[in-house]
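Take a look at the structure set out below.
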Amino acid sequence: MLANIQSFKIPITCLTAIIYLENLSERVNLLSLYQKIFPEQWLESTISIDKQSHPTSAYMDREIEFIQLVNDHLFPIEYIDEIEFSSEHNSIPVSPQKVEWWYEDFEELEYSEKFLLSLMGQGYNISQWELNFGFTPDYIALAEEIYFNKLVKLCRRYKSPLQYLDTAIRIIDYSTENIWLDVTCETSDWLEWTYENIIFLGQKWKEAVSMMEKSNKLTHLLETSLAARKAAVKIWNQASKA
């Protein structure tokens with residue numbers, strides 16, 4: 001009850017008035033987005049609009065319910081677990097889903113990551129391949145010699161997960177043209193809560209999940225099959241300008 005009374009407290013200074021109006025504007029925006037994007041859940045919700053279970057949070061319970069729905073059905077919200085303690089409204093965070101490989105110890109990377117990076121000339125040199133990958137290629141084409149469109153066409157000839165080699169390379173190279181997969185610590189951003197941004201991020205997250213699932217299939221194959229690793233090198237070399 002006290003929380004509800006506090007929410008209707010009249011601001012008495014310019015600063016508190018500004019904060020009050022900003023919070024009210026954010027609240028109206030989030031609730032209108034809730035109604036538009038999740039109309040069925042909005043109608044079925046039993047939470048009153050003015051309910052605030054967490055007095056120190058800038059969010060009403062209905063706002064939290066909406067952001068939880070976005071997290072569950074559209075794309076991840078980084079601060080979802082701390083939202084009940086947030087003293088101010090936040091925009092939509094677009095940040096890396098994992099630490100970038102160049103910040104990690106190379107030897108601590110996953111097997112497939114080390115293989116792909118070595119294939120691209122950023123990992124083990126060719127003399128170390130036998131020890132780490134079970135064979136020594138005759139040669140490995142330089143990354144700048146690769147026609148990527150040709151690589152894609154070569155990959156599509158395969159029925160096995162090798163058809164996703166180009167996708168896995170794009171992901172580890174941060175060149176997918178997908179905002180969720182290409183974002184780094186240096187390029188992370190905050191987007192406003194708008195209908196257009198939510199739909200855009202939802203579509204891109206769906207695409208990102210599909211690409212990651214394909215890459216994971218290739219990952220398993222590379223880790224378990226020497227023949228697949230040799231085939232990956234063959235595909236890569238065939239896509240070179242030479």
Side-chain angles (χ1 to χ4, degrees), residues 7 15-45 47 49-104 166-216:
S7 67
L15 179 59
T16 56
I18 291 172
I19 294 174
Y20 172 82
L21 292 173
E22 287 178 345
N23 283 335
L24 182 60
S25 176
E26 291 284 357
R27 186 166 303 137
V28 170
N29 179 50
L30 288 176
L31 293 180
S32 65
L33 289 168
Y34 187 164
Q35 287 180 287
K36 187 172 184 178
I37 297 173
F38 299 108
E40 292 183 8
Q41 290 91 334
W42 172 268
L43 292 174
E44 294 171 357
S45 177
I47 301 175
I49 293 177
D50 61 350
K51 183 179 181 181
Q52 188 175 30
S53 301
H54 310 280
T56 59
S57 175
Y59 296 90
M60 294 294 193
D61 289 11
R62 268 284 184 103
E63 296 175 89
I64 295 175
E65 184 177 52
F66 165 61
I67 295 174
Q68 185 67 61
L69 285 168
V70 172
N71 183 75
D72 292 344
H73 300 288
L74 296 178
F75 53 83
I77 301 295
E78 185 178 285
Y79 55 79
I80 191 65
D81 293 332
E82 293 84 34
I83 193 170
E84 296 172 352
F85 310 101
S86 178
S87 60
E88 60 182 22
H89 283 86
N90 292 307
S91 300
I92 306 172
V94 180
S95 53
Q97 300 303 302
K98 60 179 293 186
V99 177
E100 294 91 320
W101 58 262
W102 51 85
Y103 290 127
E104 300 277 12
D166 61 298
T167 299
I169 288 173
R170 280 194 177 111
I171 290 175
I172 203 166
D173 190 51
Y174 288 79
S175 58
T176 66
E177 298 185 357
N178 183 294
I179 189 171
W180 290 109
L181 297 177
D182 294 349
V183 65
T184 65
C185 289
E186 290 77 16
T187 62
S188 58
D189 201 0
W190 295 79
L191 300 184
E192 294 300 315
W193 283 100
T194 67
Y195 177 78
E196 292 75 17
N197 283 343
I198 294 171
I199 297 304
F200 168 75
L201 291 174
Q203 292 173 338
K204 289 301 179 181
W205 179 251
K206 187 176 181 179
E207 293 172 7
V209 169
S210 176
M211 294 180 73
M212 288 187 289
E213 288 175 347
K214 292 175 180 177
S215 179
N216 288 339

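Just so it is clear, the structure is predicted and the values come from calculations on it, not from any experiment. Reckoned from all heavy atoms, side chains included, excluding hydrogens, waters and symmetry mates.
- With R62 contributing its side chain and I47 its backbone, the two residues share a donor-acceptor pair below 3.5 Å.
- The closest donor-acceptor contact from the side chain of E63 to the backbone of Y34 lies at 3.5 Å or more, if one exists at all.
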Query - Stepwise side-chain contact (heavy atoms from CB on, under 4.5 Å) test for H89 and L30 - result: CA-CA 10 Å; H89 283 86; L30 288 176; 3.9 Å; yes
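- Note that CZ of R27 and CZ of F66 are 14.5 Å apart. Values are rounded to the nearest 0.5 Å.
- The CG atom of D81 sits 8.0 Å away from the CD atom of Q68 when rounded to the nearest 0.5 Å.
- The backbone N or O of I83 sits less than 3.5 Å from a side-chain atom of S57, completing a donor-acceptor pair.
- In plain terms, the two heavy atoms of F75 and G202 that are nearest each other are CD2-N, 3.6 Å.
- N178 contributes a side-chain N or O that, together with a main-chain N or O of K204, makes up a donor-acceptor pair within less than 3.5 Å.
- Dense packing is recorded around CD of E186, with more than 12 heavy atoms of other residues, nucleotides or ligands lying under 6.0 Å away.
- Looking at W102 and T184, their side chains come closer than 4.5 Å, going by heavy atoms from C-beta outward.
- Within 6.0 Å of the CD atom in E78, the count of heavy atoms belonging to other residues, nucleotides or ligands does not exceed 12.
- Within a 6.0 Å radius of CD in E40, other residues, nucleotides and ligands contribute 12 heavy atoms or fewer.
- In this structure, the side chains of E65 and F38 stay at 4.5 Å or more apart for every pair of heavy atoms.
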Kindly indicate, with the supporting measurements, whether the criterion side-chain contact (heavy atoms from CB on, under 4.5 Å) is fulfilled by Y59 and E84. CA-CA 7 Å; Y59 296 90; E84 296 172 352; over 6 Å; no
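- Between V183 and P96 the shortest side-chain heavy-atom distance falls below 4.5 Å.
- The CD1 atom of I179 sits 5.0 Å away from the CZ atom of F200 when rounded to the nearest 0.5 Å.
- The CG atom of D61 lies 6.0 Å from the NE2 atom of H54; values are rounded to the nearest 0.5 Å.
- E104 places no side-chain N or O within donor-acceptor distance of the main-chain N or O of V99, the cut-off being under 3.5 Å.
- The backbone N or O of W42 sits nowhere less than 3.5 Å from a side-chain atom of S45 that would complete a donor-acceptor pair.
- The backbone N or O of N90 sits less than 3.5 Å from a side-chain atom of W193, completing a donor-acceptor pair.
- Checking side-chain atoms of E82 against main-chain N and O of I80 turns up no donor-acceptor pair under 3.5 Å.
- Residues Y174 and D182 approach most closely at C-OD1, 3.2 Å, considering heavy atoms.
- The line from CD1 of I67 to CD1 of I92 is 9.0 Å long, rounded to the nearest 0.5 Å.
- Between the side chains of T194 and E192, not a single donor N or O lies within less than 3.5 Å of an accepting N or O.
- Of the residues listed (I199, L69, I37), the one engaging L74 in a side chain to side chain contact (heavy atoms under 4.5 Å, CB included) is I37, and it is the only one.
- Checked by atom type and distance alone, the side chain of W180 pairs as donor or acceptor with a backbone atom of L201 at under 3.5 Å.
- In this structure, N216 contributes its side chain and M212 its backbone to a donor-acceptor pair below 3.5 Å.
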